[in-house]
Structure formats: C-alpha cells, structure tokens
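Single-structure report; data block below.
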2 protein chains.
Amino acid sequence: MSNRLHDPFRTAFDSLDEFADLISQVLKCPVTIEDSNHRLLAYSTHDERTDSARISTIIGRRVPEKVINQLWKEGTIPALLKTNEPIRVKSIDEVGLSNRVAISIWKQEEVIGFIWALEIDKSLTDDDFSLLKQAADAAKNKLLQLQTRKNKKEERSQEFFWKLLTGHLKVQEEILENFHTLQITPSSSFAVLVFQFNKNITSKEEQNISYLLKTNQRLKIMLYTIDCNQLILLISAEGLENPLSELEQFSKVFVLKMGDRYGVRDITPVLSGIYKDYQKIRQAYEETLSVLSVKQKFPFETKDIYNYQKLGIYQFLGLLLEKRKNEEYENYSLTKLHDYDQKHNSNLVETLEIFLNNDNNINDAAKELNVHANTLNYRLKRIAEIGEVNFKDPNQKMMLYVDLKLEKYQGI
Amino acid sequence: MSNRLHDPFRTAFDSLDEFADLISQVLKCPVTIEDSNHRLLAYSTHDERTDSARISTIIGRRVPEKVINQLWKEGTIPALLKTNEPIRVKSIDEVGLSNRVAISIWKQEEVIGFIWALEIDKSLTDDDFSLLKQAADAAKNKLLQLQTRKNKKEERSQEFFWKLLTGHLKVQEEILENFHTLQITPSSSFAVLVFQFNKNITSKEEQNISYLLKTNQRLKIMLYTIDCNQLILLISAEGLENPLSELEQFSKVFVLKMGDRYGVRDITPVLSGIYKDYQKIRQAYEETLSVLSVKQKFPFETKDIYNYQKLGIYQFLGLLLEKRKNEEYENYSLTKLHDYDQKHNSNLVETLEIFLNNDNNINDAAKELNVHANTLNYRLKRIAEIGEVNFKDPNQKMMLYVDLKLEKYQGI
DNA sequence: GAACCTTTTGTGAAAATCCCCAAAAAGTGA
DNA sequence: TCACTTTTTGGGGATTTTCACAAAAGGTTC
C-alpha cells in the first residue's frame, strides 16, 4: 500500500478499541492508543504477540512510570511532543520495551494522545509510517470527545476542591456525596500539598503539570487546582507506610521533573499535616500557607522543611514574638553573651546558635564554624560561664534556640 | 558586789554607747550590744582586749554571718531566744570567738537585742550574771526607742515597694527620690524574689523572716514585704559575678534555714529575671507569679526551676495550648506513637519523653526507665520509624518535647 | 504447640567524644 | 615595648557512645 491509496481510516467506528483493532489489522502489529498523559485509551486485541511493557500498560490502564521516565530520558517523548511524524524506539530491555513506533495525535498546537505500534515480527515500512500518520489524524476527533467530557468533570471537581479549601462544606455527608459524584473514592487520610512557583503559572505550564501529575504513579492525587503561582493538591495518604517521607519524596521528584523536563525552576513545595477528617482540609491548606510564609522569613533555617509538622518551633515564632513585645522580656544569657561579644569582639552568640543548629554536635558545628573542635569546646565552656547556661538542660537550650531565632525574626 | 546592792544601771544615759561603757566598767570586760538581728548597736571602748569575732563585728557593724551560723548550730542563739538568763559560750576557734557570756534583751514575749560580754581575763561570777540581767533590763527602753524609729521607716518603705510592684511609679526621678528618702542606694541591677509559703505567714514567722534577712550578708536586700503567704524581696544584683546562681543559692539557704531554725517547711522560692530599669519591677514581680503558677501545673518538670529565665518552654506553654485549640493541630508523630502504644501495649511515648527530658542522653534515660541502654536504643529506632522522627533534627525534637508537655498540660 | 514476630538484654569491637595538658597565637594595657 | 590574659590549636589517652550481632524472652497467629 502507498499513501496515495484510499485512506483506510476514513470509516465510521464506534469505539476507540474498534479503531485500535483497525490500525492493528492494517499495520499487522499490536497497537495501543494513549491519551496525552499516557493513560490507556484503547488497545488492539487481534494479535497476541506483545512485550512486557505493553502487558503492564494494559493491566494498569496506564503506562508504567519507569517506562515513561525512560522514554523521557532517552528522548522519545520530547521528540513526540515536537513533531507529528512517527518516531521509532529501539528496544529498552530494562523496562521490558521491545522495538516499536510511536506517533503523537495533535489538536492544533497541542498533543492530545499517542499511538504505539509494536514491531514484533516485522519492521514498519515508510508506507506504514504514512498510514500511521493518517491513523493519528483520524483518532483526533474521538479523543477530543473524550477530552471535553473530562473537562466538564474537571470543572466540577475544581469548584468542589475550592469549597473544601475554603471550608465551605461543613457536612460530612455532603462532602462524601460530592466525591462520589466525581467518581473519586475518598481515602481514609489525606494531606494538602502546595507547590509555589516563582511566578504565575502559564497555561502551557498547566498542561505540563497536569501531565506530570497524571503520569505519576507514586501517590493518588484526589483533587488539584491552580491559584496564581500555586499548585494545590489534595493527596491520599492511604496505605502509605511512611506518608510524610513519601509525600516529601514525591514533591522532590515533581520539582525535579518540572526543572528537567520543562525548565521550570524555583518551585517550593510545602505540605500540610495528615488528616482523616475532610472538614479539616481548610485547616490543612492554611497550614501549607503558613509554611510558605515562615519559609520566606527563615529561608536558611527552614530550607529542608516542607512540612507543617516539621516546622517545629517556627510554627509559633510569630506568636511568641508578640508575647515578648508585650512583656519586654530579654534573655539574660543572650544579653550577657551579646555584651561580651561587643566588648571583646568575639562571636559567642553565633557560636551558640550554630552549635544548637547542629543538634549539640561539636564536630559538625566546629566544621561549620571553621574552627578546631577544641576551640568550640572552649567557647562553649565560656558561654556556659558568661551566660550561666547549663548545657545539660534541654529546656534551657530550647529557650536559647527560640530566643536566638526570635532575635533574627525581629531583625527582619 | 551582789544583786542585793543598788542597781548600778539605774542612771540616766544619753546613748547606748555610753551605756555599753558603763556595763564594761562594772563587769570589767569588753561589752557589745546588738539588736535582734545581730546588728551592732553599741560597743564599749575602754578596754582594748578583744577577739577577732568582735573586731569584725565592729568593723562591719554587724555580726559576721558565719559567726551567727555557728552560734545557731551550736545552740547559743536558740537558747538566748528561750530564756532571759545569761548564757555562757565556749570559745569557737574556727570563727575567732573567745569565751564570752551573752544575754537577750526582752520586750514582753519578744527578743529585741543582745548584750555580749567577753571573758578575756576573768570569768564572770554569779554576781556578774545578776548584774548582766539588770543591764539587759535597763537597755530595753533605749532599744525600744530605736525600734519605733525603724518601724516608721519600714512602713514608708512598704508603701513604696508596693507602688513599685504594682507599677504605680512610672517616673524614674520619683523612684530614685523615694529610694533616697529611705536611705537606700538603688543598685544598677536588681531582681524580684518571692518565697511562697504553704500557708499565710504569721507575725511570729514574720519576725523570723526579718531576722534571717537582716542577718544575711550574701545579698543586699533593698526592700521586702509580705503578702499573705508570700514573702516578696527586691534584691540588688550589683557586683555579683553570677547573679542568677548567687540568687538561687541565697534562696536555697533561706529555705533551708527557715526549715532548720524555725521548722517552717514547704517554701517555694521563685526569681524574676534581672533588670536595670526600676520601672520594670512590676514586670519582674509578674514573672515570679507566673513561675509560681507554672510550677503548680508542672511540679515535676519544673522542680529544679526557680527562675523565670530558666522556665524555658514552660514560659509560653499556656499560650501555645490556646493556639493549638484554635487550629485543632495534632502532632502526627505523637499520634502514631500513641496508636502504637495502644495497640501493642508498649510505652514508646513515655520512652520518648524521658529520653528528651534527659537531654538525649541514652544512658541517663535508660537508667530512669530501668532498662538496658540497648533496649532504649532499639526503642528509639522504632520511634524514629513509627513516628517518622529524625533524632538529628533539634527542631523536630523540640516540637516533640513541646507537644508532649502540652498533652500533659491538657491532661491537667 | 509450632512458626513467626517483636522486644529485651548481653557482648565486644569500632568510633566518637571528652578531657587534660601544653604550646602557639592573638589581643590588652601600662 | 613587655608582661599578662584570652583564645586557638594540637596531641593523645581515658571514657563513652555507637553499632552490629546473637541469644533469649515474650507475644501472636494459625
């Protein structure tokens, strides 16, 4: 056959599955159709020859994440997003991928899906490539229908999510009903995750985000929405062994991928605590916002904190400052140390802070201060003397830590 | 001479010093007259023979504290407070005291002073004892005059102190003027010290307190007053090298002496911070009251804390609890640990608390828990896993500590 | 009761921390 | 300048802490 022949795909067909079988018949190889997020839309059944990647894709109704990652790294997906020509993929044994050809399905300037053809017995010819292009074109309309249906659902879920975030849904039954209508199974525990971008999120970035979230298979994202420069997610924490660390891991990977794949950098992820009661979503959301505000005030000390839980004392530093303002308290030890520093041009206060920052570890703190461990020891002895500090008393140390940070806070 | 002869002290005399010389002449030995607080009121000058204790008493215009302590320990002062008979004191070399005889001066049921006669060359006879009794009786009126003058001054200072404590004196000049009128030199820094008794202070105890305070030579007590079951002091912190520890030391000694000497137990001392501005006395006073209230709530954890400075996190636990109530926050790690404890009948939470209480010292904590250090290590590993706690992060640990204590606070 | 898991305790070697001493360097004041 | 104090650094040994491993004890489940 040649591309000058009659287009075999210009026939009516009811379902995408039927269409997949048609392509499979024409090209004589197994065919899979995915949406832009690599979710399985349809697959041919007439042919039993297949590879393990295709099997897991069909079983999971989506392309396995490690396969997607591999295809990104190796350049296939970036290529598919640039051209509407078929792309040949060499077999990748690590992920069970045999030789195949892929083509992207376009709607104007946007990729809305992919067709995959496995080259199990035969390699596809140039003519086959042309047929594939025609098939991609023919698939477009069917996919668009699916998309609009999805869009409507998405709109409804957006509205619902904002109601939850702002605490407008107060009745448990009502919340559960909404989840049911949107065909989302509410999980027994959840967290709110916010990614703050350094500028407002463009619609192009929105698509990229959507792609990343949909292709992610680590966590179940129940709802998500975008607000100016913030991407807000409601994530299920059900069945996770270490929810906090897994959520953190996920956000790190997301930030990494946004940078690597789309060149979007400076994204700050923040997490709420984990809750079971859906009426507390608003509170969880407020937690994330408060983390963001603290991170702005203490960028250095909170650089590894993304989680409201782990904010530690920073959770209430603002509150304390207010108390302090009212009572004109001053930390006696710190005052004396400051005085000494001033008089003798030393830096006992800084030494103390770094020591406390480093969890009382002399070696680590000495390294950070670029002094000998014995020097630090000596200074600590002096600090204990001058400031009348007992370094065996956790309470005293905490107070010093808090007051040191409060000083900084005030300095801002 | 015998006691049947004419009383040689029934003559008029202008000053107590003159009177001391008279006694000295009659008894033929050096004589010293003190008030009830062992402050020097008068001493004979006709005789140069003396001992080192007397010299320091005259130089310092008060009996040295170590001498007083010795006389208490050894029973002389308690005896003098019981009887109006002369008491003989054997020489005590450690404090430079040679043989002497003492007698107390009474006004009704109360001792208002002492007369000391040194037995340098001769021992006093029974007749001399009778004479001493007559002398003590004759000294009474003179001492009473001095007392009433003092009382008036004390009343004025009481009023002044309360004005300071309640913040009614806001002008620096006015405060200084008051100090000047009362012939008190205001020191450059001060602290408020409160002793809380377990019941209202009786007038008998008031005298004992006054005695202890006046005979103390460690610290300069600028003002003091009594309010129901509280003894409130304004103490100078000038010239002290380690004011906080010296103040603590002083309060410990005071509590000890009240117990040992007068059988008054269960006294809780509390200290404010150290301030320089006299307008902050009210604040300092409020600090002490807040320490007392915290100590009531956390008797165990604050059992070694007497100082607002050293309250540490307990300084603001109440405030935090309020915040927590509003935001319905729960510490994820603690929740998980509690759950685990419940399910497996373990005590990870308690373990964690004791570990944190002991400044992360595994050995100490293991001892307190009565388990092997390795057991504690194992538990901590489990705590880190189950509660997703990183024990290298001081911030996380502080948060756990705070939340643990808050739980207790709520439990109260 | 057997199989399995969790917890406790013990042992010992490696690693680290602590502590004392002393020398050098830096700073201070007459 | 010199004497003096304070601070820094280094060495090295005693002590503690840490860690891995193993055995025993206690609990749970089938």
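Letters A, B, ... are given to chains in the order of the sequence lines, protein chains preceding strands, and every chain is numbered from 1.
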Query raised in the report: OP1 or OP2 of C:dT6 sitting under 4.0 Å from any side-chain N/O of B:Arg382?
Result: no

Query raised in the report: With under 30° as parallel and over 60° as perpendicular, where do the rings of B:Phe250 and B:Phe254 fit, or are they tilted in between?
Result: tilted

Requested in this report: Measure from CG on A:Leu380 to P on D:dT8 and round the result to the nearest Å.
Outcome: 11 Å

Query raised in the report: Between B:Tyr378 and C:dT8, is there a side-chain N or O to OP1/OP2 distance below 4.0 Å?
Result: no

Report task. Taking only Lys NZ, Arg NE, NH1 and NH2, and the carboxylate oxygens of Asp or Glu, determine whether A:Arg324 and A:Asp403 approach each other closer than 4.0 Å. Result -> yes

Query raised in the report: How far apart are the C-alpha atoms of B:Glu287 and B:Tyr275, what are their side-chain angles, what is the distance that settles it, and do they pass the side-chain hydrogen bond (donor to acceptor under 3.5 Å, both in side chains) test?
Result: CA-CA 12 Å; B:Glu287 283 180 7; B:Tyr275 289 97; 2.3 Å; yes

Query raised in the report: Below 4.0 angstrom from OP1 or OP2 of D:dT8, is there any side-chain N or O of A:His372?
Result: no

Report task. Have a look at B:Asn361 and say if it touches a base, only the backbone sugar-phosphate, or nothing, with a 4.0 Å heavy-atom cut-off. Result -> sugar-phosphate

Query raised in the report: Atom CD1 of B:Ile362 to atom C1' of D:dT18: distance rounded to whole Å?
Result: 8 Å

Report summary line: Rounded to whole Å, CZ of A:Phe391 lies from P of C:dC18 at a distance of 12 Å

Query raised in the report: With respect to the phosphate group of C:dT9, does any side-chain polar atom (N or O) of B:Thr375 fall under 4.0 Å of OP1 or OP2?
Result: yes

Report summary line: Of the candidates C:dT6, D:dT9, C:dA16, the side chain of B:Tyr340 sits closest to C:dT6

Query raised in the report: So does B:Asn377 get a side-chain nitrogen or oxygen closer than 4.0 Å to the phosphate oxygens (OP1/OP2) of C:dT9?
Result: no

Requested in this report: Give the ring-plane orientation class for B:Phe298 versus B:Tyr314, where under 30° counts as parallel, over 60° as perpendicular and anything between as tilted.
Outcome: tilted

Query - A:Arg379, nearest nucleotide to its side chain (from C:dT7, C:dT17, D:dT8) - result: D:dT8

Query raised in the report: How many Å lie between CG on A:Leu348 and P on D:dT6, as a whole number?
Result: 13 Å

Report task. Please report, rounded to the nearest Å, how far the C1' atom of D:dC19 is from the NZ atom of B:Lys381. Result -> 7 Å

Query raised in the report: Under 4.0 Å between a Lys/Arg side-chain N and an Asp/Glu carboxylate O for B:Glu65 and B:Lys257?
Result: yes

Requested in this report: Measure the distance from CG on A:Asn370 to P on D:dT9 and round it to the nearest whole Å.
Outcome: 10 Å

**Report entry** Length of the line joining A:Asp364:CG and C:dT17:P, which is rounded to integer Å
**Finding:** 8 Å

Report task. Report yes or no: is there a donor-acceptor pair, N or O only, under 3.5 Å between the side chain of A:Asn374 and the base of D:dG11? Result -> yes

